[in-house]
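One structure is given below, encoded as structure tokens.
Along the sequence shown, the residues carry numbers beginning at 1.
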Amino acid sequence: MEATKIEELYNDATLNIAFDTLKINKQALIFVNTKKAAESLAEKIAQKVKGVENKEIRDSVANVLSRPTKQCERLSKCVEKGIAFHHAGLASKQREIVEDNFRSGTIKIICSTPTLAMGIDMPAFRTVIRDLKRYGGHWGMEWIQVLEYHQMAGRAGRPGKEEYGEAICIASTLSEKEAIIQNFIHGSPEEIYSKLAVEPVLRTYVLSLIATGFVKNRKELNEFFEKTFWAHQYKDIAKLENILNKVIRLLEEWNF
């Protein structure tokens with residue numbers, strides 16, 4: 001397949017890709033590493049969009065809260081132009097409005113943190129992964145996991161609507177381009193481990209299963225966990241049941 005040629009209107013590769021996507025009447029998800037970056041990029045794109053006014057969706061976003069915040073106002077101005085930002089800091093109703101209008105095609109571009117790549121059915125023609133590094137504590141900026149890259153890149157292409165999709169990474173230098181190809185295009189996904197192996201997490205799940213009445217006795221509790229990915233990895237069912245018994249004893253001690 002021939003490489004897509006994108007007109008360079010601005011001194012910013014992400015903006016150029018965004019406007020090329022609008023030009024060909026497609027949709028894109030642009031992934032960045034922070035909430036602030038998602039908001040800032042969406043505003044930059046929206047400010048340059050001409051001839052689009054979605055007043056109904058603008059008002060619906062602005063009026064979600066009884067007293068709109070500055071973030072509400074910023075989002076409403078973006079969605080009026082068919083652009084949005086999406087992150088965990090939005091009100092759940094605002095996220096729902098953005099997601100529904102993206103699926104319907106009213107919103108053309110969403111600038112988002114990687115949370116949008118997890119567990120939400122929102123494919124697009126293009127996914128643009130601008131930030132492949134994230135602050136990693138003691139070591140400064142670190143490459144994201146290959147699995148996370150796959151989650152984001154996998155949003156490109158809509159089954160039944162597109163013959164193919166485009167997942168685009170942004171590189172500022174030739175050496176960075178080579179590193180991206182090596183780390184992500186040719187890289188192997190990391191092993192997945194169940195978080196239930198972490199005892200505080202397991203305690204929370206056991207307590208919620210009992211409190212909601214989803215399990216009513218130890219037999220049902222054991223049967224539930226025997227079907228989990230944790231049990232599949234752990235393999236030793238007898239030892240797993242001993243761990244669950246220990247968790248129940250602790251919960252009883254703490255008067256839960």
Side-chain angles (χ1 to χ4, degrees), residues 4-49 52 54 57 61 71 74-90 94-95 97-135 141 143-145 148-158 161-162 164-172 176-177 180 184-185:
T4 302
K5 292 180 181 177
I6 292 172
E7 188 178 359
E8 294 187 29
L9 300 171
Y10 307 101
N11 191 28
D12 183 321
T14 311
L15 286 182
N16 289 329
I17 296 166
F19 279 93
D20 184 76
T21 305
L22 294 174
K23 180 181 173 184
I24 62 175
N25 197 29
K26 299 286 188 180
Q27 290 175 286
L29 298 171
I30 304 177
F31 291 104
V32 293
N33 58 10
T34 66
K35 297 175 187 177
K36 186 177 178 182
E39 294 182 8
S40 173
L41 181 58
E43 286 181 314
K44 278 184 187 176
I45 299 169
Q47 285 162 7
K48 297 181 187 302
V49 173
V52 178
N54 298 309
I57 179 176
V61 163
Q71 182 175 266
R74 294 172 75 188
L75 181 59
S76 66
K77 287 177 183 176
C78 288
V79 297
E80 183 180 15
K81 297 295 185 178
I83 313 299
F85 55 82
H86 187 292
H87 55 64
L90 296 181
Q94 287 174 333
R95 289 199 301 272
I97 292 169
V98 168
E99 290 163 17
D100 288 347
N101 280 277
F102 187 79
R103 291 190 189 101
S104 71
T106 306
I107 289 176
K108 299 295 184 182
I109 294 176
I110 298 179
C111 303
S112 173
T113 54
T115 51
L116 190 58
M118 312 296 176
I120 301 175
D121 180 26
M122 284 185 61
F125 173 66
R126 280 179 177 153
T127 58
V128 183
I129 308 163
R130 193 192 74 175
D131 299 333
L132 282 158
K133 286 187 176 181
R134 187 180 299 122
Y135 184 71
M141 299 298 284
W143 292 110
I144 64 171
Q145 289 193 332
E148 191 173 330
Y149 160 78
H150 282 182
Q151 285 280 355
M152 293 186 282
R155 296 292 171 187
R158 292 169 291 197
K161 292 185 179 180
E162 308 281 3
Y164 68 97
E166 296 179 353
I168 304 171
C169 298
I170 306 293
S172 54
E176 189 177 4
K177 173 187 172 183
I180 289 171
F184 298 105
I185 310 300

Would Glu176 and Lys133 satisfy salt bridge (Lys or Arg N to Asp or Glu O under 4.0 Å), going step by step from the backbone distance to the final call?
CA-CA 11 Å; Glu176 189 177 4; Lys133 286 187 176 181; 6.0 Å; no

Verdict with reasoning, Gln151 to Gln145, per side chain to side chain contact (heavy atoms under 4.5 Å, CB included):
CA-CA 10 Å; Gln151 285 280 355; Gln145 289 193 332; over 6 Å; no

Step-by-step side chain to side chain contact (heavy atoms under 4.5 Å, CB included) determination, Lys48 to Lys81:
CA-CA 9 Å; Lys48 297 181 187 302; Lys81 297 295 185 178; over 6 Å; no

Would you check, one step at a time, whether the test side chain to side chain contact (heavy atoms under 4.5 Å, CB included) holds for Thr34 with Thr113?
CA-CA 6 Å; Thr34 66; Thr113 54; 5.6 Å; no

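For Val32 against Pro114, the heavy-atom pair with the smallest separation is O-CD, 3.4 Å. Taking every heavy atom of both residues into account, Ser104 and Asn101 meet most closely at OG-O, 3.1 Å. Between Ala42 and Ala84 the shortest heavy-atom distance is CB-O, 3.7 Å. The two residues Ile45 and Cys111 have their closest heavy-atom pair at CD1-SG, 3.9 Å. Between Gly157 and Pro123, the shortest heavy-atom distance links the atoms O-CB, 3.7 Å. Pairing each heavy atom of Asp20 with each of Lys5, the nearest pair is OD1-O, 4.3 Å.
Without hydrogens or angle criteria, Asp131 side chain to Asn33 main chain gives a donor-acceptor distance under 3.5 Å. The backbone N or O of Ile57 sits nowhere less than 3.5 Å from a side-chain atom of Asn54 that would complete a donor-acceptor pair. Using modelled atom types, one side-chain atom of Gln27 and one backbone atom of Ile107 make a donor-acceptor pair closer than 3.5 Å. Between the side chain of Gln71 and the backbone N or O of Gly89, at least one donor-acceptor pair lies under 3.5 Å. Formation of a donor-acceptor pair under 3.5 Å by the Ser40 side chain with backbone atoms of Ala37 is not found in this model. Asn16 contributes a side-chain N or O that, together with a main-chain N or O of Asp12, makes up a donor-acceptor pair within less than 3.5 Å.
With contacts defined as side-chain heavy-atom distances shorter than 4.5 Å, the pair Ile168/Thr127 does not qualify. Between Ile6 and Lys23 the shortest side-chain heavy-atom distance does not fall below 4.5 Å. Side-chain contact between Ile17 and Ile170 is present, with heavy atoms from C-beta onward closer than 4.5 Å. A heavy-atom distance below 4.5 Å is found between the side chains of Ile24 and Phe125. The closest side-chain heavy-atom distance from Leu132 to Cys169 is below 4.5 Å. By the 4.5 Å heavy-atom criterion applied to side chains, Leu75 and Leu90 are counted as neighbours. Using a 4.5 Å heavy-atom cutoff, the side chains of Glu43 and Ile83 are not in contact. Phe85 is not listed as a side-chain neighbour of Val98, based on a closest heavy-atom distance of 4.5 Å or more.
Rounding to the nearest 0.5 Å gives a distance of 10.0 Å between CD1 of Ile30 and CD1 of Ile110. To the nearest 0.5 Å, atom SG of residue Cys78 and atom CD1 of residue Ile109 are 11.0 Å apart. If you take CD on Glu148 and CZ on Phe184, they are separated by 8.5 Å, rounding to the nearest 0.5 Å. Between the CG atom in Leu41 and the OG1 atom in Thr14 there is a gap of 6.0 Å [rounded to 0.5 Å]. Between atom NE2 of residue His150 and atom CD1 of residue Ile144 there is a gap of 10.0 Å, rounded to the nearest 0.5 Å. One finds the NZ atom of Lys108 at 8.0 Å from the CG atom of Leu22 (value rounded to the nearest 0.5 Å).
By the side chain to side chain donor-acceptor pair (under 3.5 Å) test, Glu39 is found to be paired with Arg74, His87, residues two or more places apart in sequence or in another chain being considered. With sequence neighbours left out, Asp100 forms a side chain to side chain donor-acceptor pair (under 3.5 Å) with Arg103.
Side chain to side chain, Arg126 and Thr21 meet the donor-acceptor criterion of an N or O pair below 3.5 Å. In summary, the side chains of Glu99 and His86 do present a donor paired with an acceptor at a separation below 3.5 Å, with no hydrogens or angles considered.
Residues in residues 15-47 take part in these ring pair (Phe, Tyr, Trp, His ring centres under 6.0 Å) pairs, two or more places apart or across chains: Tyr10-Phe19.
At most 12 heavy atoms of other shown residues, nucleotides or ligands fall within 6.0 angstrom of atom NZ in Lys77.
Outside the 6.0 Å centre-distance limit, the rings of Tyr149 and Trp143 are not counted as a close aromatic pair.
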